2 protein chains.
Amino acid sequence: MSSTARIQGMSVQERKERERAHRHQLIVAAARELAEAHGWDAVTTRRLSERIEYSQPVLYSHFRGKREIVGAVALEGFTELTATMREAVANGPEGRAAVAALAGAYLDFAERNPALYDAMFLLDTGLPFADEATPAPLREGFETLLNTLGALAGSAEPALFVEVFWSALHGLVSLTRSGRLPRQEASRRLDVLVDRFAGRGCPDAHTRSC
Amino acid sequence: MSSTARIQGMSVQERKERERAHRHQLIVAAARELAEAHGWDAVTTRRLSERIEYSQPVLYSHFRGKREIVGAVALEGFTELTATMREAVANGPEGRAAVAALAGAYLDFAERNPALYDAMFLLDTGLPFADEATPAPLREGFETLLNTLGALAGSAEPALFVEVFWSALHGLVSLTRSGRLPRQEASRRLDVLVDRFAGRGCPDAHTRSC
DNA sequence: AGCACGTTTCTAGCATCGCTAGATTTCCAT
DNA sequence: ATGGAAATCTAGCGATGCTAGAAACGTGCT
């Protein structure tokens, strides 16, 4: 290793890494756009490579395979969903209002980013969830729910309470998106769900007489 | 058309139709078994045709394509799920017990028939759901839920109440099956869900003081 | 009985998929 | 300028769902 390698070589290496990172993001963005525009079935390695103007094998120098690309898009989704939910409870609503705000934000997010939502919750991404290796964005999303809803758990364990609430939201999204539930009365279903989870009864009796 | 055609011809035609129907069921059964044994990805037209000992184009004389085969399996699933749920409420439980019985039956069914459940609720089958063309097995499944749970809807419209309950169940199944929720505490999550939907509060106050 | 015709079934192949080995080019350090 | 490592591409493999056209079959008539 010469002095040039030590002085200039490093910056060349850094530039290459920068370019690599840029191309990495290019792939993720292309996958996301393609999925959002024409569905995940339209996201093929050939189309992706065409979009980024590189050949297909380049994709495999960034990701182990297609599922890892989907996983990268899903991670973006978790970050954005967490931000959306945090915003929804930024002004500190409590009781029923908090549940309604979170649930509304969640359903809105799913409605506005269908492909992104699929990457997060439907497709196989290989992302570890309830695991010591769970990526930060996932953890933060769950914690946002926990911070706001944990207090409404009543006699149930907060974490379980949140998981069940999340499941219900996901069920609504999932069944509606796949045509199993008519989209028409989605907002009324949301009301029913919020009523059930907003602790009508013991913990927060200020919402409705019991 | 001769007398033979009028007397014997019909029975020949009937025999052919019987054989066709038999082969039809053979395809559906093969698809289901293959899916339950090795997942839906392993259900390919080539493997199916090998199982039924006919060439691939024969499949397309019975079904428009693979999705219609999945749909046929899904239909079987709805019939069986409905039967399972009916059995669960056969001895007429009420209030919390009814909710727990139905939810337990549902989750058990999903756990015991993962591929079947996927065909019903995850995969694209082209089956019409909330539609005038909704097949009978689907309708009956929903009605079973409605008959038992409608009374617990409280101030909500029964149909919506049931849809939301169903969504929550599906959410639990879906997130658990895909590894998003740890399988470990599934039964405690079920308890939390039942608590929320068993009308703790106004309609059925005999379950828990309010 | 034998033949003609309609139906059923099969062979063969298309376009596309995810993915990869090996050739080829590019670029850096000398 | 040039050798060699790193980056990139060409070409192709084994699958997939699905289909057109050829071959085989069996029915019903003479």
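In the text below, chain A, chain B and the rest are named by the order of the sequence lines, each starting its count at 1. All values reported here derive from a predicted model rather than from experimental measurement.
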Next item on the list: With heavy atoms under 4.0 Å as the rule, sort B:R20 into base, sugar-phosphate or nothing.
Entry: nothing
Which whole-number value in Å describes the distance from [X] [atom1] to [N] [atom2]?
| X | N | atom1 | atom2 | answer |
| --- | --- | --- | --- | --- |
| A:H22 | D:dA7 | NE2 | C1' | 18 Å |
| A:E50 | C:dG18 | CD | P | 13 Å |
| A:H62 | C:dG18 | NE2 | P | 17 Å |
| A:L26 | D:dT8 | CG | P | 13 Å |
| A:I52 | D:dA7 | CD1 | C1' | 13 Å |
| A:E53 | D:dC9 | CD | P | 10 Å |
| A:Y54 | D:dC9 | OH | P | 7 Å |

Notebook entry, point to check: Reading nucleotides 11-24 of chain D from the 5' end, what letters show protein touch, with B for base, S for backbone sugar-phosphate only, - for no heavy atom under 4.0 Å?
Noted result: -B---BBBBB----
Next item on the list: Report yes if the side chains of A:F78 and A:F142 come closer than 4.5 Å at any heavy-atom pair, otherwise no.
Entry: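 No; the side chains remain at least 4.5 Å from each other.
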Notebook entry, point to check: What residue pairs, at least two apart or across chains, pass side-chain hydrogen bond (donor to acceptor under 3.5 Å, both in side chains) with a residue in residues 42-57 of chain B?
Noted result: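 Every pair satisfying side-chain hydrogen bond (donor to acceptor under 3.5 Å, both in side chains) with a residue in residues 42-57 of chain B: there are none.
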Next item on the list: Any pair with a residue in residues 66-84 of chain B that passes side-chain hydrogen bond (donor to acceptor under 3.5 Å, both in side chains), sequence neighbours left out, goes on the list, sorted by first then second residue, please.
Entry: B:Q25-B:E76, B:R32-B:E76, B:R32-B:E80, B:R64-B:E68, B:R67-B:D124
Item checked: Results of side chain to side chain donor-acceptor pair (under 3.5 Å) for B:N113 - residues two or more places apart only ->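 Partners of B:N113 by the side chain to side chain donor-acceptor pair (under 3.5 Å) criterion come out as none, since no residue qualifies.
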Check: Which residues pass the side chain to side chain contact (heavy atoms under 4.5 Å, CB included) test with B:E157, sequence neighbours left out?
Finding: A:R188, B:A159, B:L160
Margin query: Could you work out, with side chain to side chain contact (heavy atoms under 4.5 Å, CB included) as the rule, every residue matching B:E111, not counting sequence neighbours?
Written below: B:R183
